[in-house]
**Student:** 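Starting off with a structure, shown below.
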Amino acid sequence: MAVIPDVFSWQECQKMRAAGMLALAKIGAIREAGYPYNVLETVLFDGQMFPALLFFPALVEPYLEQVRTDERLVQIVRHFLGDEVKQLNNQFYYRMPGDGDTFAWHQDTYFRKPVEDYPSIDENNAYLQTIVAIDDITEDNGPVEYILGSHHWGNISILEKREAELSAQPPGAGGTVAKRPPLRDFQRGDWRGTKLLMKAGSVLVWSGLVVHCSEQNNSNRTRFTYMNGFARADASPKWFYYLKGGLPQPIEPALIP
Ligand SMILES: O=C(O)CCC(=O)C(=O)O
């Protein structure tokens with residue numbers, strides 16, 4: 001993974017922030033635009049629901065669509081994946097102070113199932129994740145933490161193993177408190193990663209195979225990020241194009257399998 005500093009300006013970050021907030025009022029419109037799954041993930045913490053993650057906000061917020069297809073992002077994606085690229089995710093993360101949200105150790109390739117729909121995506125390391133840091137990412141606001149070099153390990157099925165462990169537990173284990181889903185159930189275990197800190201406006205890129213996690217936002221500031229994820233077209237035939245002949249393409253919700 002890598003941090004590319006100073007890609008977007010402070011004012012551009014504030015426009016992404018505003019668009020990300022307005023998109024929360026447009027959940028119905030994202031569905032109407034054709035996004036076929038749950039649009040908003042929330043986290044319950046200390047008795048309060050917090051907005052955690054919004055899917056495909058670029059369908060309803062023109063500025064987020066503008067950033068998605070911005071030549072600066074296009075150049076980064078082209079550098080890693082070439083001219084024929086599909087887009088696999090478009091997400092806004094809120095990571096509000098006090099929301100208790102966490103991400104357990106995982107590889108993003110976990111989300112790409114069934115595996116037959118993603119030919120050689122792991123073998124060819126063909127999945128690229130990108131986020132724009134809208135706020136500064138600091139030691140105390142839940143920076144993403146990576147195991148350096150772990151993309152060489154291949155797909156090691158971390159969350160699948162965790163799911164199997166949880167489902168093997170007898171019913172009722174964990175008491176009456178609802179258990180967090182495995183992705184949100186951070187446990188450090190033996191791993192110590194490298195936290196990547198950066199200024200707002202940076203773009204962070206990582207391989208879909210690198211093992212990463214993030215702890216909760218312990219600061220008194222939001223840690224908004226805008227994520228766009230991509231794969232080489234030959235590794236994700238069912239999805240809509242992001243780049244065709246190197247040129248950005250519109251989102252086609254009918255091609256979100
Ligand atoms: O933004 C974060 O804290 C982590 C997000 C993440 O790991 C992911 O979506 O794969």
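We count ligands from 1, going down the list as the structure has it; atoms in each ligand are counted the same way. Positions are given from 1, in the same order as the sequence printed here.
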**Student:** Within the 3.5 Å criterion, strictly below it, is a donor on Ser219 or Asp140 matched to an acceptor on the partner's side chain?
**Tutor:** no
**Student:** Using distance only, find each side-chain donor-acceptor pair of residues 39-62 under 3.5 Å and give its atom names and separation, not counting sequence neighbours.
**Tutor:**
{"residue": "Glu41", "atom": "OE1", "partner": "Arg184", "partner atom": "NH1", "Å": "2.8"}
{"residue": "Glu41", "atom": "OE1", "partner": "Arg184", "partner atom": "NH2", "Å": "3.2"}
{"residue": "Glu61", "atom": "OE2", "partner": "Lys26", "partner atom": "NZ", "Å": "2.5"}

**Student:** Donor-acceptor pair, His106 side chain versus Ala104 backbone, under 3.5 Å?
**Tutor:** yes
**Student:** May I have every N or O pair linking ligand 1 to the protein at under 3.5 Å, one per line with atom names and distance?
**Tutor:**
{"residue": "ligand 1", "atom": "1 (O)", "partner": "Arg223", "partner atom": "NH2", "Å": "2.7"}
{"residue": "ligand 1", "atom": "3 (O)", "partner": "Arg95", "partner atom": "NH1", "Å": "2.5"}
{"residue": "ligand 1", "atom": "3 (O)", "partner": "Ser214", "partner atom": "OG", "Å": "2.6"}
{"residue": "ligand 1", "atom": "3 (O)", "partner": "Arg223", "partner atom": "NH1", "Å": "3.2"}
{"residue": "ligand 1", "atom": "3 (O)", "partner": "Arg223", "partner atom": "NH2", "Å": "3.3"}
{"residue": "ligand 1", "atom": "7 (O)", "partner": "His106", "partner atom": "NE2", "Å": "3.3"}
{"residue": "ligand 1", "atom": "7 (O)", "partner": "His212", "partner atom": "NE2", "Å": "3.0"}
{"residue": "ligand 1", "atom": "9 (O)", "partner": "Tyr93", "partner atom": "OH", "Å": "2.4"}
{"residue": "ligand 1", "atom": "10 (O)", "partner": "His106", "partner atom": "NE2", "Å": "2.9"}
{"residue": "ligand 1", "atom": "10 (O)", "partner": "Asp108", "partner atom": "OD1", "Å": "2.7"}
{"residue": "ligand 1", "atom": "10 (O)", "partner": "His212", "partner atom": "NE2", "Å": "3.3"}

**Student:** Given the side-chain rings of Phe103 and Phe186, with only the six-membered ring counted for Trp, is the space between their centroids under 6.0 Å?
**Tutor:** no
**Student:** Would you kindly say whether Asn89 and Gln129 are connected by a side-chain donor-acceptor distance under 3.5 Å?
**Tutor:** yes
**Student:** Counting N and O atoms only, with roles assigned by atom type, does the side chain of Tyr226 sit under 3.5 Å from a partner on the main chain of Leu64, one being a donor and the other an acceptor?
**Tutor:** yes
